[in-house]
Amino acid sequence: MNLATAFLNCAQNHPQKIAIFYGEREISYAELLAQSQAVAAHLQNQFGVKPGDRVALWLKNCPEFPVSVFGILHAGGVVVPINNFLKPTRSVTF
C-alpha cells in the first residue's frame with residue numbers, strides 16, 4: 001500500500017470526516033478526494049502527465065498542497081516538492 005492508496009481507502013471509508021482544518025475552513029475527505037481527482041485529470045489531459053513523470057510542486061503550507069500531492073499521485077506522477085523558502089544562491093567568484 002502506498003500513500004495514494006491509503007488516502008483513497010480513508011476517503012472511501014470516512015468521506016464526511018474532516019481531513020483538513022485551515023483557519024475557519026474545513027475540508028472533508030470526500031472534498032479532498034474530488035479536488036485531487038480534478039487535479040489528476042487536469043494534469044493528464046492538459047499536461048500529458050503519465051505514470052512515472054516527475055511533477056514539481058511549489059506551494060506554501062496551504063490546503064492546496066495536499067490536494068496537489070494527491071492529485072499528482074492519482075495521475076501516476078512523482079511529487080517533487082520545492083522548498084518554498086529556497087533563495088537564489090549568491091554567485092561566487094574564484
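Just so it is clear, the model here is predicted, and its values are computed rather than measured.
- A distance-only check finds a donor-acceptor pair linking the side chain of Glu31 to the backbone of Ser28 [under 3.5 Å].
- Considering CZ of Phe65 and CD1 of Ile20, their distance stands at 11.0 Å, rounded to 0.5 Å.
- Summarising the geometry of Ala4 relative to Leu73, their closest heavy-atom pair is CB-CB, 3.8 Å, with the distance given to 0.1 Å.
- Put simply, Tyr22 and Leu57 are part of the same group of oily side chains (I, L, V, M, F, W, Y) that touch within less than 4.5 Å, one to the next.
- For the pair Ala75 and Ala40, the tightest heavy-atom approach, listed with the atom from each and the gap, is N-CB, 3.8 Å.
- Within a 6.0 Å sphere centred on CG of Asn61, heavy atoms belonging to other residues, nucleotides or ligands number 12 at most.
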Point to revise | Test side chain to side chain contact (heavy atoms under 4.5 Å, CB included) applied to Asp53 and Val78, step by step | key: CA-CA 6 Å; Asp53 285 352; Val78 177; over 6 Å; no

Check your understanding: Going through the distances and angles, do Glu64 and Arg25 end up as a salt bridge (charged side-chain N to carboxylate O under 4.0 Å, His left out)?
Key -> CA-CA 12 Å; Glu64 291 77 18; Arg25 193 169 161 195; 3.7 Å; yes

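- From Tyr29, atom OH reaches atom NE2 of His14 across 8.0 Å, with rounding to the nearest 0.5 Å.
- Shown here for Ala19 and Leu32, the closest heavy-atom pair between the two residues is CB-CD2, 3.9 Å.
- Taking every heavy atom of both residues into account, Ala56 and Ile82 meet most closely at CB-CD1, 3.7 Å.
- Inter-residue side-chain proximity for Leu3 and Phe70 is flagged as met; some heavy-atom pair is nearer than 4.5 Å.
- Using a 30° and 60° split on the angle between ring planes, His74 and Phe7 fall in the tilted class, from 30° to 60°.
- Residues Phe47 and Trp58 do not share a hydrophobic cluster, clusters being chains of Ile/Leu/Val/Met/Phe/Trp/Tyr side chains in contact below 4.5 Å.
- When all heavy atoms of Val67 and Ser36 are compared, the pair lying nearest together is O-CB, 3.5 Å.
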Point to revise | Check against side chain to side chain contact (heavy atoms under 4.5 Å, CB included), Val55 and Val80 | key: CA-CA 6 Å; Val55 180; Val80 181; over 6 Å; no

**Study point:** Trace of the side chain to side chain contact (heavy atoms under 4.5 Å, CB included) decision for Ile18 with Ile27
**Key:** CA-CA 6 Å; Ile18 303 302; Ile27 301 172; 6.0 Å; no

